[in-house]
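Each ligand, and each atom within it, is numbered from 1 in the order the structure gives.
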Amino acid sequence: MSIAEEFEFDPSKVWTNHRPFLTSSAIVGANYGDEGKGKMVDAIAEKYKKEGYKILSARGQGSGNAGHTVVVNGKKMDFHYLTSAGLSADAMLLGPGMLIDPIRLLEEIKKLPEEKQSIVLVAERAAIVTDVERAMDVWCENKRKETNQKIIGTTGSGVGPGVGNRGYRFHVTFADALKFKTAEELKEQYLKNPILPEEVKAVLTDEYAEELLNSIRKLNIIDSVAFLKKCRSEDNWALILEVSQGMGLDPLFGHEGHNVTSTPCTIIGAASGLGLSQWDMPEEAYLMVKAYTSKVGGGKLITKHTPKEEKLSSVIYDMVGERGVTTGRKRDVGWFDAVLTRYAMNLNQESTLCVNCMDVIPKIAKLTDRVPICVAYRNTQTGEVTYDYPYHVSDYEPVYQYVEASGKTDDEIISDYIKAIELYTGGKVVAYGVGPGRDALIWRK
Ligand code: GDP
């Protein structure tokens with residue numbers, strides 16, 4: 001073996017101590033998103049702080065299509081790129097699997113208290129999304145309409161086209177963008193993409209390209225792989241992985257009609273998008289659900305309340321709002337779906353559940369003597385019953401069992417409802433939410 005004379009190799013720089021994070025948790029949506037993941041993220045962050053850990057709050061998938069409300073200095077704020085644990089975190093990493101709009105991210109960062117702004121780290125390998133991808137999203141939906149196809153009902157965040165660009169190798173990463181000397185170079189790179197129709201390219205004006213590049217240069221862009229290695233070696237970091245959206249929207253495991261999001265919604269998918277290894281798999285995972293099911297966008301919500309149950313939907317709309325944080329669209333609401341929840345549990349091999357919005361159930365029970373839970377699906381053509389979540393959900397109708405509520409106190413209803421969820425899902429409900437506040441999370445013994 002010959003050794004180059006001009007270079008003295010330093011063996012101490014070689015990383016041999018391969019090991020996972022000392023402790024880590026994942027919070028994942030087990031239905032169609034908006035399950036109230038934020039509250040659980042907060043609770044876990046608080047636990048880690050008490051144990052003396054520094055907190056690395058991280059995402060490895062999704063984009064600005066996620067949305068959660070965070071209270072900063074008593075003021076409610078919507079975040080789309082930043083994690084829910086942002087305020088308690090010591091570092092917040094937006095991983096390579098994400099698609100990020102630099103201008104919008106910078107706007108969110110500016111809403112953080114000053115001392116927290118520098119903790120936001122963007123992986124250099126993450127892809128950029130801009131108005132161009134958003135225009136492409138709209139263009140695709142319009143083409144579907146024109147060709148008599150069902151629309152997807154995307155949030156219009158440009159994530160699908162952004163992922164598509166990566167597939168065609170026409171995406172631009174943050175690392176690419178840092179090499180551009182002028183906004184003109186950024187623009188040129190974008191315009192080289194032959195997949196984009198001219199009308200979509202027109203969105204990228206000189207001023208917009210300038211603003212994009214300026215924003216990119218203001219971000220903390222890092223080599224996330226080296227950063228994770230450093231955190232693992234420092235011995236005092238706890239990792240909280242936030243998986244945005246929900247399992248029913250997973251691009252591989254969602255349902256028919258491609259009415260799904262474009263990046264994975266499983267824990268392992270998000271972990272992979274962050275750059276975790278098989279040894280880093282979170283030791284604790286929480287599958288988040290609501291006490292009912294809600295969904296926005298195209299595709300059937302199988303347990304959707306019938307027109308006769310409108311009054312029950314109103315209870316939910318009054319108590320929770322059920323509007324997407326990103327689009328403001330009203331979500332369809334329906335009964336708890338144990339089939340979808342079991343599916344999410346199976347794909348993540350995890351049975352720890354947290355059920356939010358339990359406060360809704362006693363209110364609903366006042367209007368109906370028994371509360372339905374969907375336990376299986378029946379094929380409307382063949383009558384065949386399945387316990388599994390089928391791809392062609394629209395071929396099925398829900399099979400319900402009921403939790404009797406008449407003559408019971410609110411506490412008894414909640415207790416029986418949770419027991420029923422455990423029976424029909426096979427899961428363990430470790431906590432439940434009884435209000436939107438971060439302190440309204442009750443841990444079960
Ligand atoms: P995420 O998208 O999963 O992060 O969901 P969020 O944390 O943004 O919560 C979705 C919505 O549900 C927000 O409007 C919350 O205030 C509301 N929410 C969450 N948990 C509860 C709960 O236990 N009860 C009620 N009434 N509302 C809740």
Here the atoms of ligand 1 under 4.0 Å from any heavy atom belonging to N356 are 20 (N), 23 (O)
Could you tell me which residues satisfy ring pair (Phe, Tyr, Trp, His ring centres under 6.0 Å) with H305, sequence neighbours excluded, listed by chain and number?
W335
Under 3.5 Å between some N or O of ligand 1 and some N or O of G435?
yes
Classify the contact between K37 and ligand 1 as side chain, backbone, both or neither, using a heavy-atom distance cut-off of under 4.0 Å.
both
Please determine if E46 and K50 form a salt bridge, counting it only when a charged side-chain N lies under 4.0 Å from a carboxylate O.
yes
Using a strict 4.0 Å cut-off to heavy atoms of M319, name the atoms of ligand 1 that fall inside it.
26 (N)
We want to know whether E133 and Y190 form a side-chain donor-acceptor pair, criterion being a heavy-atom distance below 3.5 angstrom.
yes
Below 4.0 angstrom from a heavy atom of K39, which ligand 1 atoms are there? Numbered from 1 as shown, please.
20 (N), 21 (C), 22 (C), 23 (O)
Note: V434, heavy atoms under 4.0 Å from ligand 1, region reported as backbone
For K290, which part has a heavy atom under 4.0 Å from ligand 1: side chain, backbone, both, or neither?
side chain
Does the plane of the ring in Y377 sit parallel, tilted or perpendicular to the ring in Y396? Use 30° and 60° as the thresholds.
tilted
Distance under 4.0 Å to a non-hydrogen atom of G38: what atoms of ligand 1 satisfy this?
4 (O), 7 (O)
Side-chain donor-acceptor contact under 3.5 Å, S244 with R59:
yes
Note: heavy atom closest to atom 28 (C) of ligand 1, options G36, G433, C357, S84, belongs to C357
If the condition is salt bridge (Lys or Arg N to Asp or Glu O under 4.0 Å), which residues does E211 pass it with, not counting sequence neighbours?
none
Which ligand 1 atoms, with their elements, are less than 4.0 angstrom from a heavy-atom of D359?
22 (C), 23 (O), 24 (N), 25 (C), 26 (N)
Would you indicate whether the side-chain heavy atoms of K39 and D42 approach each other to under 4.5 Å?
no
